[in-house]
Each structure stands twice: as C-alpha cells, then as structure tokens.
There are 2 protein chains.
Amino acid sequence: MFSNTAKYAIKACLFLAVNSSEVNKLVIKDIAEPINVPSAYIAKILQALSKKDIISSTRGPKGGFYLTKNQFQTNVMQIIEAVDGEERLNSCLLSLEKCNSDNPCSLHHLVYEEKHKINERLKRTTLEDLRQHIMRGESILPL
Amino acid sequence: MFSNTAKYAIKACLFLAVNSSEVNKLVIKDIAEPINVPSAYIAKILQALSKKDIISSTRGPKGGFYLTKNQFQTNVMQIIEAVDGEERLNSCLLSLEKCNSDNPCSLHHLVYEEKHKINERLKRTTLEDLRQHIMRGESILPL
DNA sequence: TCTTAAATATGATTTTTATCATAAAATATC
DNA sequence: GATATTTTATGATAAAAATCATATTTAAGA
Ligand code: FES
Ligand code: FES
C-alpha cells in the first residue's frame with residue numbers, strides 16, 4: 001500500500017512526536033536505531049521531510065530533529081504525499097491513470113467507498129492524535 | 001496498491017472472460033493490444049497465470065488463451081496473489097511485517113476494518129461477476 | 001577563532017520491478 | 001512428415017526503489 005519510504009517517514013515523524021521537542025532534539029542515530037531503519041536511509045528521508053517543512057532541524061552541536069507546535073498538527077496523508085507523491089494513493093486499481101468515478105473500472109465499485117474512507121481518516125488524523133493513542137497504550141510504534 | 005503486474009493480470013483475465021471461450025481462444029497479440037500492455041510483458045504474465053491454472057492455454061495453430069467454465073469462478077484475490085504473492089496485501093502499514101490486530105501499529109485502527117472489507121470483496125468477486133458488470137455497462141475495462 | 005558535532009547535498013551501489021527478446025517445444029493442417 | 005503457428009522457457013536489459021557512503025555546510029562552545 002505505502003512504499004517503504006512512506007512507512008519509514010511516518011515512523012520517524014511519530015517517533016519525533018513522542019520523544020522530541022524544541023528543547024530536546026534528536027540526532028539521526030537516536031531516531032534510526034529505535035525505529036529500526038538504516039540510518040543513512042532515514043537521514044535522507046528526514047532531509048526531505050525537513051525541506052518540506054514537515055519536521056524541523058538545526059545543524060551543528062546540540063542540533064537535531066524535532067517538531068514545532070504546528071508540526072504536531074501535520075496529518076498522516078501529508079507525510080505520505082511528501083515522500084510518495086500524490087498519485088500513488090489515488091491511482092486506479094486497474095489502469096495506470098487516476099481513479100475516476102465517472103468512468104469506473106471493473107474494480108472501482110468494490111473498493112472506492114472504503115478507500116475514500118481510509119483516505120479521509122488519514123487526512124483527519126494528526127501526529128498529535130497518534131501520539132496520544134500511543135501514550136494511552138492503544139497502539140504501538142512498531143520496530 | 002497493486003503492482004503493475006497485478007493490474008495487467010487482472011485486466012488480461014477480465015479481457016479473456018469477456019472475449020474468449022474454449023472454442024474461441026485468443027492469441028497474445030489479440031490480448032495485449034486492446035488492454036494496452038506491451039505484448040512481451042503480458043506474454044510473461046499469461047504464462048505465469050497459465051502455470052498456476054488461473055487461465056488455460058494450448059499451443060500451436062488454433063491455439064491461444066481462454067478460460068474454462070471453472071476458471072470463470074476464479075476470484076480477484078486469487079489473481080493478485082498468483083502474481084504479487086500474499087504478503088503485499090496483508091502487510092502492516094508501518095512495519096515490514098504482517099498486520100497483526102493483537103499488536104496494532106499506530107495506523108492499524110484507522111484502516112483495518114475497511115481494508116478487511118475490501119479484501120473480503122476481492123475474495124468474493126469472481127471473473128464471472130465482473131464480466132456481468134461489464135456486459136451490463138456498470139463498469140469498463142480500462143485501456 | 002578553532003574544534004567538534006550535527007544536518008545537508010550529492011551521488012554511488014544494490015535490489016526489485018518492469019520490460020524486451022528469442023530459441024525451444026508443441027500441435028494443427030496440409 | 002513438413003510447415004506454420006502458437007505457447008513456453010529462459011534470460012537480457014532498463015527503470016525505479018531502496019540502500020549506502022561521503023564531502024560540505026552550519027552552529028555551539030571552549
Ligand atoms: S476507476 Fe479504477 S479504481 Fe476507480
Ligand atoms: S498492525 Fe499495522 S496495519 Fe495492522
């Protein structure tokens with residue numbers, strides 16, 4: 001469903017949401033290890049997220065990655081789109097084109113409604129929401 | 001969501017369901033062109049499907065691909081799994097492991113129910129069902 | 001201002017997926 | 001049985017995704 005890159009990006013953001021703050025920045029290694037992603041790879045992903053302003057960073061000693069108040073309100077869909085691009089989630093199940101309800105392919109009606117629901121939820125759910133779920137023990141941050 | 005290979009496989013099967021029969025076999029070129037897939041590529045996919053007994057074939061003159069009565073009852077999930085393997089549809093959204101309701105990841109509850117519904121429908125829907133939808137004009141077979 | 005610790009930019013390598021190409025095997029028909 | 005037509009087996013190439021590596025830039029602190 002998502003690319004590895006998107007999975008890693010979400011995990012990293014979530015890890016930041018749970019473990020970092022403006023006064024407690026995290027360095028690449030401290031992110032890569034606990035979420036179990038090769039550090040050179042997550043470094044590249046974090047750079048991309050930072051450039052798109054989904055996470056924040058400062059370099060030099062005492063630097064690292066963190067989220068600002070605003071960035072806790074980023075929703076999951078934004079993270080996915082930042083790394084995977086928009087088409088992936090909206091492409092038709094049969095063709096290589098965009099899904100199109102006016103010209104529904106043979107599988108369209110089997111999945112459209114549910115897919116739409118999922119997408120809406122991904123858009124509505126913020127890092128802050130997910131952080132709270134984790135704090136309450138309702139879900140885990142997988143390795 | 002699905003690989004190109006899976007998309008092509010479904011389109012090809014569907015095309016066979018609509019246009020072929022045991023007495024009206026279709027040759028690779030007659031499948032590749034209308035569904036707009038490179039013919040050397042669809043050839044390989046058809047070979048795999050044939051080996052897994054999802055479609056039938058005979059070689060030599062008057063040969064080609066077709067579906068038997070039974071094969072009209074193949075469901076969409078079977079086609080996908082035949083080419084993509086099983087993991088792809090059942091992997092967790094965040095980890096590289098299987099989705100696991102006992103140890104739900106942070107996105108699990110956002111999508112599980114809908115994903116499950118979609119999977120059930122893919123399992124319940126046969127080529128014959130889809131053929132009928134197409135015949136009734138309820139859906140199209142995209143290029 | 002020098003050193004050191006960090007991100008950033010950039011690009012190389014590996015693996016997977018997609019695509020292309022072709023010789024070999026099978027079968028109908030003459 | 002020879003020929004032509006088809007799938008099948010096999011592998012080569014190309015493109016994309018994943019992963020690894022490193023020199024450069026920035027900023028803190030001594
Ligand atoms: S048109 Fe194919 S999934 Fe919507
Ligand atoms: S555990 Fe991650 S999607 Fe179910």
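Chain letters run A, B, ... following the sequence lines, proteins first and then strands; every chain starts at 1.
With distances taken from any side-chain atom of A:F65 to the nucleotides C:dA7, D:dT8, D:dC20, the minimum falls on C:dA7. Listed nucleotides: C:dA18, D:dA28, D:dC20. Nearest to the side chain of A:P38: D:dC20. Side-chain proximity of A:N4 to the nucleotides D:dT19, C:dT4, D:dA9 is greatest for D:dT19.
Residue B:L26 is classed as a sugar-phosphate contact, given heavy-atom separations below 4.0 Å to backbone atoms only. Across all strands shown, A:T5 has heavy atoms under 4.0 Å from sugar-phosphate atoms exclusively, and none from any base. Across all strands, A:K25 comes closer than 4.0 Å to no nucleic acid atom at all (heavy-atom distances).
The CZ-P distance, from B:F2 to C:dT17, rounds to 16 Å in whole Å. To the nearest angstrom, P of D:dT8 lies 9 Å from CG of B:L46. To the nearest angstrom, P of C:dA5 lies 12 Å from NZ of A:K29. Rounded to a whole Å, the CG atom of B:D53 is 12 Å from the P atom of D:dT8. D:dT5 atom P lies 12 Å from atom NZ of B:K62, rounded to whole Å. The OH atom of A:Y41 sits 18 Å away from the P atom of C:dA7 (whole-angstrom rounding). In this entry the distance linking CD1 of B:I54 with P of D:dT7 reads 18 Å, nearest Å. Look at CD1 on B:I42: it is 12 Å from P on C:dA18, rounded to the nearest Å.
Residue A:S3 places none of its side-chain N or O atoms closer than 4.0 Å to OP1 or OP2 of D:dA17. Between B:S57 and D:dT7 there is no side-chain N or O to OP1 or OP2 distance below 4.0 Å. Contact check, B:Y8 against C:dA18: no side-chain N or O comes under 4.0 Å of OP1 or OP2. Between B:S50 and D:dT8 there is a side-chain polar atom (N or O) within less than 4.0 angstrom of OP1 or OP2.
Between B:K123 and B:E120 there is a salt bridge, since at least one side-chain N of the basic residue sits less than 4.0 Å from a carboxylate O of the acidic one. Between B:K98 and B:E86 there is a salt bridge, since a side-chain N of the basic residue sits under 4.0 Å from a carboxylate O of the acidic one. Ion pairing between a basic and an acidic side chain is recognised when a charged N comes within 4.0 Å of a carboxylate O; B:E114 and A:R121 show such pairing.
Side-chain to base pairing of A:R59 with D:dT25: one donor and one acceptor N or O lie within less than 3.5 Å of each other.
For CD of A:E22, the number of neighbouring non-hydrogen atoms (other residues, nucleotides, ligands) closer than 6.0 Å is greater than 12. Atom CD of A:E113 has 12 or fewer heavy atoms from other residues, nucleotides or ligands within 6.0 Å. Counting heavy-atom neighbours within 6.0 Å of A:E97 CD, excluding the residue itself, gives a total of 12 or less.
When all heavy atoms of B:K7 and A:L96 are compared, the closest pair comes out as CD-CD2, 4.2 Å. The nearest pair of heavy atoms linking B:L93 to A:F2 is O-CD1, 3.8 Å.
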Write down the protein N/O and nucleotide N/O pairs, taken from nucleotides 12-16 of chain C, whose separation is under 3.5 Å; answer none if there are no such pairs.
none

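Where A:A6 and B:Q47 each meet DNA chain D at their nearest nucleotide, the meeting point lying more 5' is that of B:Q47. In terms of position on DNA chain D, the residue among B:P61 and A:T58 whose nearest nucleotide sits closer to the 5' end is B:P61.
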